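Just so it is clear, the model here is predicted, and its values are computed rather than measured. Atoms within each ligand, like the ligands themselves, are counted from 1 in listed order.
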Amino acid sequence: MNFNVAVIPGDGIGPEIVSEAKKVLDKVGSKFGHEFTYKEVLMGGVSIDAHGVPLTDEALETARKSDAVLLGAVGGRVGVDSWYKLPPNLRPEAGLLAIRKGLGLFANLRPAYLYDELKSACPLKESIADAGFDMVVVRELTGGLYFGERKTEEVNGVMTAVDTLTYNEEEIRRIAVKGFEIAMKRGKKVTSVDKANVLDSSRLWQKVVAEVAKDYPEVTLENMLVDNCAMQLVKDPAQFDVILTENMFGDILSDEASMITGSIGMLPSASLAAGKFGLYEPSHGAAPDIAGKNIANPLATILSAAMMLRYSFDLDKEADAVEEAVRQVLKDGIRTVDIMSEGMQQVTCQGMGDAICERI
Ligand code: NAD
C-alpha cells in the first residue's frame, strides 16, 4: 500500500531523529511491500526563520492532506535564541498548538513501557520494577479545564480567579471510543479515571464511558478516582493497560507514567483526530543542548512511527516488527549515550537507526 506522510523535522535534534525514523519506515516498506511518500513541512523555529510565523497556512494544509504526520520536535534555548524575543503566539511552540487545533487532534496517547534492559533506570523499587508495565494513557486534549472560560476579577474587594471545567457528552463519547478501540488492539482493559465523588463533569464522564463500554464486550472496564490512580501508578503499575481520562488528569498522569520508565529518549506519543488521522511525535523536546552532534536517541521517534503504522495505517504486524527490533537492539546491548551503561556498545543516532533497520 501507499501512504502519504507529512514530515515535520522541526528544530534542535528534530531533523536527526526524524531522518532515522524515515529510514526505519523505508525498511518496513521494502520488507512488507508498502511505499511511504514524504512531504516535508516547516514548523517551529525553522518556519519563523523562513516565513516569520511558526506555522503557515500552507504548511497546515499540507499536513491536513496527508494520511498522517510525523513530527520531530520544535523549540530552542529559551531566553537565548532570538525566537524567544517574539510574542508568545509567534514563538516556535505556538506552532504545536496551532497544528493540534488545525488538525482537530482531540486524543493524546502516551504509552509507558518498561524494557527489561532499562529496569535500572526505573525509579521504583526493584520488586515493583521487576513486575514490569505496559500501559498507554489516553488523554482528552481539547476540552475540560484548559479550554473553559476563565477570568480574574475583584469580588467584594478580594481578587478572585475562576476556571471552568466543561465537558459535553459528545466530547466524552468520542474520546471513550478511542480508548476502547485502542484497548482492543492491546490488553483489552480500560481504567477510566475521574473524580466522580466530587465533580459533575466526572459523573457525566462515568455515565458516557459505561454506555460506550457496552459496544466493547471483550474489554474490561474499571473506574478509578484520580487520586487513587496517582498512587497505583507507583505502587502497582503492572495493573494498567489503557488509562482513559480527561485533559488535566491526563496531563498529570501521563507525565507520572513517563517518569516511572526513567528514560525520556524512549517515549513515543500520538495525537489522534476523528477517523484514522494522527500526528506522531516523541514525548521529549528539541534538546538544543545536544543538537547537531549525532548523539540523540532516535528510539522515541522510531516508536512514534510504529504507532503511526498501528493506529493510522492499521499495519499491526509492521508495528510489531519495529517494536520487536527496538527490544532486540536493547537485548543486544546497543545504546545511545543517554541510556548507556557499563559493558554496553555505544552508538550514534544514525548507528541506532541502522541497528533497528538490520533487525527488521
Ligand atoms: P527536552 O526534552 O528537549 O530535553 C530535556 C533533556 O533531555 C535534555 O538534557 C536533552 O538533551 C535530553 N533529551 C531529550 N530528548 C533526548 C533524546 N532523544 N536523546 C537524548 N537526550 C535527550 O526538554 P527541554 O530542555 O525542556 O526543552 C528544550 C526545547 O524543546 C524547548 O524549546 C522546549 O520548548 C521544546 N519542547 C518541544 C516539545 C515538542 O516539540 N513537542 C516538547 C517539549 C519541549
A.B. asks: Between the side chain of R139 and the main-chain N/O of N247, is any donor-acceptor distance below 3.5 Å?
C.D. replies: yes
A.B. asks: So for ligand 1, is S283 a polar contact partner (N or O within less than 3.5 Å, distance only)?
C.D. replies: no
A.B. asks: Hey, is atom 31 (C) of ligand 1 touched by any protein heavy atom at less than 4.0 Å?
C.D. replies: yes
A.B. asks: Does ligand 1 have any atom sitting under 4.0 Å from a heavy atom of W83?
C.D. replies: no
A.B. asks: Might you work through the salt bridge (charged side-chain N to carboxylate O under 4.0 Å, His left out) test for D200 and R203, ending with a clear yes or no?
C.D. replies: CA-CA 5 Å; D200 262 27; R203 287 189 276 271; 2.8 Å; yes
A.B. asks: Are any of the N/O atoms on A287, whether in the backbone or the side chain, positioned under 3.5 angstrom from an N/O atom of ligand 1?
C.D. replies: yes
A.B. asks: Look at atom 27 (O) of ligand 1 and say whether a protein heavy atom is found at less than 4.0 angstrom from it.
C.D. replies: no
A.B. asks: At a non-hydrogen distance cut-off of under 4.0 Å, which region of N297 contacts ligand 1 (side chain, backbone, both, or neither)?
C.D. replies: both
A.B. asks: Nearest protein heavy-atom contact for atom 40 (O) of ligand 1: which residue, which atom, what distance?
C.D. replies: V74 N, 2.9 Å
A.B. asks: Go through ligand 1 atom by atom and flag the ones less than 4.0 Å from a non-hydrogen atom of G75.
C.D. replies: 32 (O)
A.B. asks: Flag this pair as yes if the NZ/CZ of K22 is under 6.0 angstrom from the six-membered ring centre of Y38 and inside a 45 degree cone about the axis; otherwise no.
C.D. replies: yes
A.B. asks: Looking only at distances, please establish whether an N/O atom of ligand 1 is found under 3.5 Å from an N/O atom of G285.
C.D. replies: yes
A.B. asks: Within the structure, is a non-hydrogen atom of G76 found at a distance of less than 4.0 Å from ligand 1?
C.D. replies: yes
A.B. asks: Are any of the protein's heavy atoms under 4.0 angstrom from atom 24 (P) of ligand 1, yes or no?
C.D. replies: no
A.B. asks: Under a 3.5 Å distance rule, please check whether E246 uses its side chain to pair with a backbone N or O of M248 as donor and acceptor.
C.D. replies: yes
A.B. asks: Closer than 4.0 Å and a protein heavy atom, does any atom meet both conditions relative to atom 6 (C) of ligand 1?
C.D. replies: no
A.B. asks: Crowded around M259 CE? As in, over 12 foreign heavy atoms under 6.0 Å?
C.D. replies: no
A.B. asks: Using the six-membered ring of Y115, assess whether NZ or CZ of R327 lies under 6.0 Å from its centre and within 45 degrees of the ring axis.
C.D. replies: no
